[in-house]
2 protein chains.
Amino acid sequence: MGEISTGPTTKERILEDALTTFGTRGYDATSLDALAGQLGIRKQTILYHFSTKEDLLTAVVDRAALDLLATIEQALDSAGPESWERVEALVRRIFRLALVRPELLGLMREVSRPGSSMAERLAAQMEPLIRRGRIFLQREMAAGRFQKADANYVMLSAYSAVVGVATEVEVSRALGIEPTLRSMVERRKQILHFLNSALLENTTTSDS
Amino acid sequence: MGEISTGPTTKERILEDALTTFGTRGYDATSLDALAGQLGIRKQTILYHFSTKEDLLTAVVDRAALDLLATIEQALDSAGPESWERVEALVRRIFRLALVRPELLGLMREVSRPGSSMAERLAAQMEPLIRRGRIFLQREMAAGRFQKADANYVMLSAYSAVVGVATEVEVSRALGIEPTLRSMVERRKQILHFLNSALLENTTTSDS
DNA sequence: AGACTTCTCTACCATTTGGTCAGTGGGTGA
DNA sequence: TCACCCACTGACCAAATGGTAGAGAAGTCT
């Protein structure tokens with residue numbers, strides 16, 4: 001495999017571009033021809049690397065899952081051991097992701113359409129992370145550092161809130177909130193506040 | 001127009017079915033042939049009533065907006081004058097909608113993809129409602145009945161939370177939350193709690 | 001050099017897609 | 001009865017779609 005200083009592989013480029021396009025325009029709305037066009041290659045080259053379009057999608061989903069996991073892992077590694085601090089680091093990191101690669105979160109939404117077969121696959125890949133989050137929350141709750149609640153619901157709320165930010169640009173606009181950096185920061189502040197009060201209600205808050 | 005006891009018009013049936021299918025499987029994933037097949041008619045009949053597929057989509061969006069407006073209007077009309085009571089009635093009504101016609105909220109999500117031309121149209125139709133909501137919130141805030149905050153952000157959070165419920169079934173499942181009635185009630189309770197604390201923080205709460 | 005592998009392309013193909021056209025039949029008003 | 005309109009359909013069509021087959025270029029190993 002001579003990939004020394006050759007820049008990104010064609011396969012890599014296809015994957016990257018497909019992720020972006022699937023995540024923004026959607027899977028069904030993206031033809032292989034269009035994809036190839038953007039990349040300056042022929043459709044057959046795509047089909048050489050990924051034998052069907054659905055195959056490409058699964059590869060894209062796998063990659064997205066990997067990226068997401070890596071991002072989160074990174075956030076948690078760089079955060080201190082304090083419970084709330086870890087939650088905050090996670091949210092901040094994902095907001096950064098939403099700013100820098102919104103298509104990744106868009107893909108999550110695209111793929112988690114009810115009944116989608118990709119949803120299952122994605123879920124399977126995220127399972128370790130989910131379990132880790134659940135265990136973390138439950139431990140903190142048991143130790144009295146977080147308020148007692150159903151960890152699954154807490155995570156669902158957080159997910160829905162965060163993905164909504166990246167994903168509901170048009171709704172924001174309709175509500176008079178332009179997708180500027182400032183508004184993103186504001187949203188992040190709100191979500192952190194929400195999580196803070198959901199988790200710490202009757203404890204010392206670390207906010208403002 | 002003699003529509004006496006003839007049951008729903010063909011046009012009506014097309015609209016209804018298209019709304020459901022677009023809202024669940026998505027616009028691009030739905031062919032006119034498939035749509036016609038479900039209805040037991042020929043594709044040409046659809047194109048007779050709606051001259052292009054995009055035309056059908058706009059009609060569907062218009063109808064969805066109308067239904068949504070009607071639902072909300074109804075909730076507000078049946079609610080008392082007390083501020084929090086009105087918010088609660090609204091949320092409850094939309095949750096019922098999410099249960100009974102999830103495809104309607106699914107369509108919202110489908111259509112509000114960033115850059116979608118339908119997003120604009122939908123926004124325009126929802127504008128009066130949005131303004132009404134904003135004015136309501138601002139008035140209540142000014143009167144000290146609600147905590148002071150940016151009304152737009154409050155509405156965005158509420159929207160994102162509620163639509164997420166109807167829409168993120170697969171994510172819920174991945175988190176171990178099956179889409180049962182009980183789980184929906186639980187989610188509703190949480191969202192109401194969230195809104196309550198966002199709006200009433202330092203006031204008498206009406207919750208439990 | 002020659003065989004082999006890897007990658008990309010040109011040339012096709014069957015099917016599906018959104019859409020047109022020219023009807024057909026049934027009802028309605030003059 | 002005749003003209004007219006409405007709702008609907010069968011027969012097509014051009015373009016686009018996902019996918020196949022095979023060849024050529026370039027490198028690698030022997």
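Chain naming here is simple, since letters A, B, ... match the order of the sequence lines and numbering starts at 1 in each. Atoms considered below: every heavy atom in the structure, side chains included; atoms not considered: hydrogens, waters and symmetry mates. These numbers come from a predicted model, not from an experiment.
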Sequence neighbours excluded and cut-off under 3.5 Å, please list the side-chain donor-acceptor pairs for residues 126-135 of chain A, or say none.
unit_1, atom_1, unit_2, atom_2, d
A/E127, OE1, A/R131, NH2, 3.4
A/R132, NH1, A/E73, OE2, 2.5
A/R134, NH1, A/N152, OD1, 2.6

Please report the distance, rounded to the nearest Å, between [atom1] in [X] and [atom2] in [N].
X: A/E12; N: C/dT8; atom1: CD; atom2: P; value: 13 Å
X: B/D55; N: C/dT20; atom1: CG; atom2: P; value: 11 Å
X: A/Y48; N: D/dA23; atom1: OH; atom2: P; value: 17 Å
X: A/I14; N: C/dT8; atom1: CD1; atom2: C1'; value: 10 Å
X: A/L47; N: C/dA11; atom1: CG; atom2: P; value: 18 Å
X: A/K53; N: D/dT20; atom1: NZ; atom2: C1'; value: 18 Å
X: A/L56; N: D/dG19; atom1: CG; atom2: C1'; value: 14 Å
X: A/H49; N: C/dT8; atom1: NE2; atom2: P; value: 4 Å

Under 4.0 angstrom, heavy atoms only, what part of the nucleic acid is [X] near: base, sugar-phosphate, or nothing?
X: B/T45; value: base
X: A/K43; value: base
X: A/L32; value: sugar-phosphate

As an exercise, state the distance from CG of A/D62 to CG of A/D67, rounded to the nearest 0.5 Å. 11.0 Å
Nearest of [options] to any side-chain atom of [X]?
X: A/D33; options: C/dG18, D/dT17, D/dA11; value: D/dT17
X: A/Q44; options: C/dA11, C/dG19, D/dC8; value: C/dA11
X: B/S31; options: C/dG19, C/dT17, C/dC9; value: C/dT17
X: B/R42; options: D/dT9, C/dC12, C/dT8; value: D/dT9

Do the side-chain N or O atoms of A/S51 get closer than 4.0 angstrom to the phosphate oxygens (OP1, OP2) of D/dG19? no
Distance test, side-chain N/O of A/T10 to OP1/OP2 of C/dT8, below 4.0 Å: yes
Output all residues satisfying salt bridge (charged side-chain N to carboxylate O under 4.0 Å, His left out) with A/R13, sequence neighbours left out; order by chain, then residue number.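 Counting only residues at least two positions away or on another chain, A/R13 forms no salt bridge (charged side-chain N to carboxylate O under 4.0 Å, His left out).
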In a check of side-chain contact (heavy atoms from CB on, under 4.5 Å) between A/Y27 and each of A/L57, A/V60, A/T21, which one passes?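 Passing option: A/L57.
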Just checking, any donor-acceptor pair under 3.5 angstrom between side chains of A/R25 and A/T20?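 No donor-acceptor contact under 3.5 Å links the two side chains.
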